[in-house]
Structure formats: C-alpha cells, structure tokens
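For reference, the structure is listed below as structure tokens.
Counting starts at 1 for both ligands and their atoms, following the listed order.
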Amino acid sequence: MEHEYLEFAKSVAYEAGEVMRKYYGKKPSFRLKEDETIVTIADEEINEMVIKRVEHAYPAHGVDGEESSAKKDSKYLWVCDPIDGTALFAREVPFSMFSLALVIDGEPVLGVAYDPFHNKLFWAAQGEGAWLDDMPLQVSQAKLDNRSMVNVEASYAISSDARMTLEKRGVLVTSMGSAVRTAVMVASGRMEAMIFGGTEGKNVDIAAVKVIVEESGGKVTDLNGKEQRYDGAINGAIVSNGMVHDEIVQYMQQQYEKEKSHEI
Ligand code: IPD
Ligand code: CA
C-alpha cells in the first residue's frame with residue numbers, strides 16, 4: 001500500500017509541475033492573503049487539483065493544503081504546499097517547488113518535492129531511503145565552519161545575534177526564499193542546515209522534507225530540538241545534516257534565554 005501511495009504522490013507532483021510551468025513567466029494573476037503574502041492563480045489551481053485527486057483516489061483521506069483543505073481531521077492526511085516560494089514564482093525566479101506528504105496520525109511517512117523548472121523529483125518513504133529521481137540522496141558530513149552553509153527562512157525565528165555567531169565562524173548564511181528548496185539542498189549535501197521560523201499553517205512547508213531529509217541521513221525537529229506533529233501548527237523547524245543539529249539547537253536556546261533576560 002505504501003508503494004501505491006508513493007506512486008500516487010509522484011504523479012500528483014508531476015501534474016502540479018505542469019500547472020507551474022503553464023503559468024510561469026506569464027504574469028499569473030495574484031492577490032494578497034490576510035497575512036499580506038502573495039498567492040497566485042497557480043497556487044490555487046494546484047491546491048484544488050490535489051484535493052480532487054485525493055478525493056477520487058482515497059475518499060476517506062483528508063487534505064491540508066496551504067490555500068484550501070478538505071476533511072482535515074482525517075487520520076490519513078495529505079499535507080501540501082502547492083507552491084513553496086510563491087513570491088519568487090511571481091517574480092519569475094525559477095526556484096520554487098511543489099511539495100506533498102502523507103501524514104498518518106501526525107507523522108509524515110512519505111514525501112515528494114518537485115522542481116518543475118529542471119524536472120527533478122525528490123522523494124522518500126520511511127525506511128526506503130531518499131532519492132533524487134533514481135539517485136540516492138545523502139546529507140553532508142560537514143560541521144559548522146568556513147566551508148559550510150546555513151539557510152534561514154521566515155527569519156523572525158533567528159535573531160541577528162545567532163546569525164552573527166554563525167557568520168563569525170565563517171558559515172555562509174543565506175535567506176533564499178524557499179524553505180522546501182533549501183531543505184532538499186540539505187538532503188543532497190549542498191548545505192548543512194535550514195532554520196525555519198514558520199508556525200501556524202506552516203506544517204505544509206516541512207512535512208514532506210521531514211521524510212526526505214531524514215531518509216538522507218539528516219535530522220528534522222522543531223526549534224527546540226524536539227519531535228513534533230505535522231497535522232497542524234508547528235514550532236518552526238531545524239532541518240540539518242544531523243552533525244550540526246545540536247549546535248544549532250544550542251544557539252536557539254541561547255537566543256531564547258537572552259530574549260527572556262531582556263524581558264525581565
Ligand atoms: C514561504 C517560503 C519562504 C518562507 C516563508 C514561507 P510560500 O512559503 O517557504 O521560504 O520564508 O515564510 O511562507 O508562502 O511561498 O509557500
Ligand atoms: Ca505556498
């Protein structure tokens with residue numbers, strides 16, 4: 001059955017990619033959401049397509065999508081970010097990705113992330129390894145030093161102090177605009193970590209990459225280094241090659257303690 005779910009997720013990802021390519025570079029219409037972020041017609045069309053595909057294939061399952069959802073209380077929940085990096089997509093920067101995970105009882109068991117610009121599919125299922133098309137993925141073995149790279153998204157989660165500490169050690173610190181894309185870069189060993197500050201409604205950014213990165217040998221937790229559920233709001237995420245994980249958790253703790261002492 002798991003295999004069938006994986007094939008289903010892959011075929012949905014390829015269909016989502018077709019929609020992204022259809023609108024890319026053609027100035028798709030967009031509107032601002034309540035949180036003042038952009039959503040395009042492509043995000044909404046993909047989200048609707050995912051709901052229809054799930055309803056047709058697995059009527060008892062639910063969908064938690066960034067733009068719309070159905071049967072969100074189901075035990076089997078397809079968690080989807082139709083386009084991660086929408087702001088880049090709307091600006092014609094080819095860096096955004098589609099992502100979809102099957103989450104059972106809060107735990108992601110398989111994930112796919114599709115890059116429609118290069119026709120590259122990252123995919124993984126628990127216990128089956130992680131793959132870029134048919135090549136196995138492996139995280140880096142690097143520590144935090146002047147050869148390493150850490151990406152920060154939704155960066156309100158990481159203080160300028162924590163960022164400076166990393167930069168002083170020579171780490172290249174970036175904010176590239178897509179949590180999913182940079183997380184799969186961790187999975188493929190191109191960077192050491194991605195720190196993500198998203199909470200409410202942001203499980204959609206991390207559910208699929210949780211499986212992809214961990215099956216590549218890495219680690220994914222909340223900002224305190226703890227496991228968390230992916231069927232509702234999350235407490236940010238630290239996505240890493242495993243080796244640098246505890247150190248980043250430590251930086252985050254130091255940051256919280258400092259913020260607390262300033263409050264007193
Ligand atoms: C966004 C991206 C971005 C992060 C934002 C997210 P979206 O997702 O993941 O990297 O910094 O917080 O909202 O809105 O493009 O799906
Ligand atoms: Ca999105």
_CG-CG distance between Leu223 and Asn235, expressed to the nearest 0.5 angstrom_ = 5.0 Å
*Find the distance between NZ (Lys210) and CD (Gln126) and round it off to the nearest 0.5 Å.*
8.5 Å
*Please verify whether a non-hydrogen atom of Thr37 lies at under 4.0 Å from ligand 1.*
no
*Determine whether any heavy atom of Ile83 lies closer than 4.0 Å to an atom of ligand 1.*
yes
*Output yes when a side-chain donor or acceptor of Lys71 lies under 3.5 Å from a complementary backbone atom of Pro59, and no otherwise.*
yes
*What protein heavy atom sits nearest atom 13 (O) of ligand 1, and how far away is it?*
Lys202 NZ, 2.6 Å
*Ligand-side contact atoms (ligand 1) for residue partner Thr86, heavy atom cut-off under 4.0 Å*: 15 (O)
*Counting heavy atoms only, which of Pro82, Ser96, Ala154 is nearest atom 12 (O) of ligand 1?*
Ala154
*Side-chain donor-acceptor pair present, Asn119, Tyr114, cut-off under 3.5 Å*: yes
*Cut-off 3.5 Å, side chains only: do Glu153 and Ser175 have a donor facing an acceptor?*
no
_Reference residue Phe98; test side-chain contact (heavy atoms from CB on, under 4.5 Å); the match among Leu121, Val19, Asp115, Val12_ = Val12
*Between Glu247 and Arg169, does at least one N-O distance fall below 4.0 Å, as a salt bridge requires?*
yes
*In terms of side-chain geometry, is the basic nitrogen of Glu44 or Arg31 positioned less than 4.0 Å from the acidic oxygen of its partner?*
yes
_Subset of ligand 1 atoms that lie under 4.0 Å from at least one heavy atom of Ser178_ = 10 (O)
*Going by the order shown, which atoms of ligand 1 are within less than 4.0 Å of some heavy atom of Asp81?*
16 (O)
*Specify side chain, backbone, both or neither for Asp205, according to which of its non-hydrogen atoms lie closer than 4.0 Å to ligand 1.*
side chain
*What is the nearest protein non-hydrogen atom to atom 16 (O) of ligand 1, stated with its residue, atom name and distance?*
Glu66 OE1, 2.9 Å
*Other than Ile38, what residues sit in its cluster of Ile, Leu, Val, Met, Phe, Trp and Tyr side chains whose heavy atoms are under 4.5 Å apart, directly or through others?*
Phe30, Leu32
_Aromatic contact, Phe117 with Tyr24 (centres under 6.0 Å)_ = yes
*Could you check atom 2 (C) of ligand 1 against the protein and tell me its nearest heavy-atom contact, residue, atom and distance included?*
Asp84 OD1, 3.4 Å
*Measure the spacing between NE2 of His61 and CD1 of Ile51 and express it to the nearest 0.5 Å.*
15.0 Å
*Tell me, which protein residue and heavy-atom name are nearest atom 7 (P) of ligand 1, and how many Å apart are they?*
Gly85 N, 3.7 Å
*asked:* Quick check on side-chain contact (heavy atoms from CB on, under 4.5 Å): which of Leu172, Val171, Asn241 does Glu192 satisfy it with?
replied: Asn241
*Any idea which heavy atoms bring Lys33 and Glu66 closest together, and the distance?*
NZ-OE2, 3.4 Å
*Does any N or O atom in Val180 lie less than 3.5 angstrom from one in ligand 1, N or O only?*
no
*Which bit of Val204 gets closer than 4.0 Å to ligand 1, counting heavy atoms only: side chain, backbone, both or neither?*
neither
*Give the single entry among Met176, Arg181, Met194, Glu153 that approaches atom 3 (C) of ligand 1 most closely by any heavy atom.*
Glu153
_Distances under 3.0 Å only: what protein N/O/S atoms are near the Ca ion (ligand 2), ordered by chain and residue?_
Glu66 OE1, Asp81 OD1, Ile83 O
